[in-house]
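The figures that follow rest on heavy atoms only: side chains count, while hydrogens, waters and symmetry mates do not. Along the sequence shown, residues are numbered consecutively beginning with 1.
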Amino acid sequence: MKDPVSSPFLIGVNYWPARSGMYWWQHFDKSALADDFERIQQTGLKIVRVFLLWEDFQPRAGRVSTPRLDHLVEVAEKADQRGLCVLPTFFTGHMCGLNWLPPWALWARERDLPIPVFSQGRVRSNLPRNFYEDREILEAQVLLIREAAGALHGHPAVWAWDLGNSPSCVVGPPDSRAASLWLRVMTEELRSRDETIPITLGMDEGDLGGVLRPHDAAEHLDFLSMQATPLSSEPSSGPLDPLWPPFLTILTQWLGGKDVMCMGLGIPTEPVPKQEWLHKKPGAGLLVSEETAAGFLSSALERLREAGMMGAMISFFSDFDPRLWDMPPLDEDLPGRHMGIYRYDRSPKDFEPTLREQGSLPRRPFPEEPPSWIDVSREEYESDPKLHISRLYGNYRDYHADG
């Protein structure tokens with residue numbers, strides 16, 4: 001099996017094309033893809049994380065789209081031609097404030113949902129079926145894994161598999177036993193296709209105190225992944241807090257006992273020129289200068305590397321074309337429009353020196369002992385995760401203030 005622990009500090013990017021965004025599988029453009037991957041390679045990045053929007057890849061529970069699989073293979077081919085690796089993310093699932101789901105994965109009844117659903121071209125309020133315990137959904141997921149892994153079998157560009165992006169934001173497992181069973185079924189199917197490719201799961205902050213916990217996930221995964229943006233997280237000191245991503249990933253590593261990749265690291269920047277900042281809604285979110293965002297990335301990446309993390313995935317490859325701003329999810333997500341390392345006109349932001357520098361440095365060794373600011377046992381932590389996250393973050397900030 002490939003050993004992610006032995007890798008250098010890796011920096012990759014969460015990929016959506018500028019012109020088509022989350023609709024790119026429906027409007028697949030080989031030429032634009034090749035150009036984008038050339039830019040990613042020139043920026044010094046190593047890994048491209050691509051998201052298999054569930055409805056696009058599996059329009060019916062018993063059928064996986066052959067054209068989409070062909071497109072996925074084309075993505076891997078273009079990556080390999082540029083010396084890049086790909087991280088395909090299954091069952092997407094949650095992205096940019098919406099849950100993107102096929103109609104067959106929804107109940108007919110509608111509810112007031114904390115996170116709306118996008119299905120069949122519009123935002124809906126249908127309750128998602130729970131794929132941790134719904135046999136039909138489980139069988140459909142196994143089918144998608146089987147077909148996608150089969151299409152990419154033996155391809156040198158596949159770096160790892162990702163079972164989902166913040167799946168607990170879609171539905172939560174009813175209990176830890178159901179979560180463990182789901183992980184076992186999915187990972188066994190992938191390993192039956194190729195046991196050399198590592199497997200991870202894009203967890204988020206809520207999983208540090210939820211049912212699907214890092215130490216349960218670590219029993220089935222080769223490494224852990226943590227979505228670690230400080231944009232709306234508590235108790236971070238704000239959206240430009242560079243301590244928050246390393247804190248969350250260190251906590252994940254301690255709880256799970258395995259290597260951790262930081263996912264979703266990014267800060268939205270002001271459009272250039274600023275008169276292109278259209279459709280702004282009061283209170284819709286923070287936009288900062290590219291210089292400020294570069295400073296945040298530099299500090300966060302350095303601390304992640306020094307903490308012994310595997311690396312980080314930057315959100316996103318590109319800002320999105322204004323023609324997408326009136327379409328979900330960007331009609332409600334102002335920051336999401338402007339989180340790229342490139343502007344939508346394909347010109348680079350001021351991030352390349354930081355990304356190149358941090359990506360050229362070796363990662364620190366995997367820590368054998370927890371840091372001194374973690375002053376509780378795992379059992380004590382799990383008795384009240386919310387309390388301990390807040391308190392431990394205070395310890396972590398004090399540790400860096402003193403050091």
Side-chain angles (χ1 to χ4, degrees), residues 3-13 45-47 160 198 200-205 207-209 213-215 217-218 221-231 233 235-267 294-315 354-378 381 385 388-403:
D3 182 10
V5 177
S6 65
S7 300
F9 188 72
L10 297 169
I11 303 179
V13 67
L45 304 181
K46 302 296 191 297
I47 304 169
T200 191
L201 172 69
M203 306 174 78
D204 65 20
E205 178 186 344
D207 293 313
L208 294 176
R213 298 167 295 187
H215 79 265
L221 303 174
D222 296 289
F223 65 95
L224 301 175
S225 298
M226 174 54 57
Q227 181 88 4
T229 175
L231 280 176
S233 299
S236 73
S237 63
L240 293 174
D241 184 353
L243 293 177
W244 186 244
F247 167 75
L248 282 185
T249 52
I250 294 169
L251 197 60
T252 304
Q253 187 183 70
W254 170 64
L255 291 169
K258 282 195 173 177
D259 259 298
V260 178
M261 189 80 172
C262 178
M263 298 288 193
L265 187 65
I267 289 293
F296 164 83
L297 278 178
S298 178
S299 181
L301 287 170
E302 181 177 3
R303 294 179 188 279
L304 287 164
R305 184 180 58 81
E306 290 178 346
M309 299 300 113
M310 293 175 63
M313 306 297 294
I314 310 298
S315 291
T354 290
L355 298 176
R356 280 193 176 278
E357 177 187 5
Q358 292 297 326
S360 67
L361 297 172
R363 60 171 293 200
R364 293 288 179 88
F366 184 89
E368 296 182 2
E369 299 293 334
S372 59
W373 51 266
I374 296 181
D375 57 5
V376 295
S377 67
R378 291 182 180 86
Y381 170 89
H388 286 298
I389 286 176
S390 179
R391 191 184 60 77
L392 289 173
Y393 187 59
N395 289 355
Y396 182 67
R397 290 183 62 82
D398 291 344
Y399 173 82
H400 281 280
D402 294 339

* **Side chains of F247 and R397 in contact at under 4.5 Å (non-hydrogen atoms)** => no
* Structure fact -> With sequence neighbours left out, the residues meeting side-chain contact (heavy atoms from CB on, under 4.5 Å) with S377 are E379, E380
* V376 side chain near R391 side chain, heavy-atom distance below 4.5 Å -> yes
* **Under 3.5 Å donor-acceptor, S299 side chain and F296 backbone** => no
* To do: Working to the nearest 0.5 Å, report the span between CG of L248 and CD1 of I389.
  => 7.5 Å
* Of all residues at least two apart in sequence or in a different chain, which pass the side-chain contact (heavy atoms from CB on, under 4.5 Å) check with P371? -> I250, W373, I374
* D259 and D222, any side-chain heavy atoms less than 4.5 Å apart -> no
* To do: Mark yes or no for whether R364, through its side chain, and R305, through its backbone, hold a donor-acceptor pair below 3.5 Å.
  => no
* Report the C-alpha distance between L265 and L297 in whole Å, list the side-chain angles of each, state the deciding distance to 0.1 Å, and finish with yes or no for side-chain contact (heavy atoms from CB on, under 4.5 Å). => CA-CA 8 Å; L265 187 65; L297 278 178; 3.9 Å; yes
* Mind checking side-chain contact (heavy atoms from CB on, under 4.5 Å) for A218 and listing every partner two or more places apart, or none if nothing turns up? => L224, K258
* To do: Answer whether the closest heavy-atom distance between the side chains of L361 and E302 falls below 4.5 Å.
  => no
* By side-chain contact (heavy atoms from CB on, under 4.5 Å), which residues pair with R378, not counting sequence neighbours? -> W254, L255
* To do: Taking the side chain as every heavy atom from C-beta outward, state whether L251 and H388 have any pair of such atoms under 4.5 Å apart.
  => no
* Structure fact -> R303 meets the salt bridge (charged side-chain N to carboxylate O under 4.0 Å, His left out) criterion, sequence neighbours left out, with none
* Would you call P214 and M203 a side-chain contact if the rule is heavy atoms closer than 4.5 Å? -> yes
* With T249, which residues qualify under side-chain hydrogen bond (donor to acceptor under 3.5 Å, both in side chains), at least two apart? -> none
* To do: Could you label the plane-to-plane angle of the Y399 and Y396 rings as parallel, tilted or perpendicular, counting under 30° as parallel and over 60° as perpendicular?
  => parallel
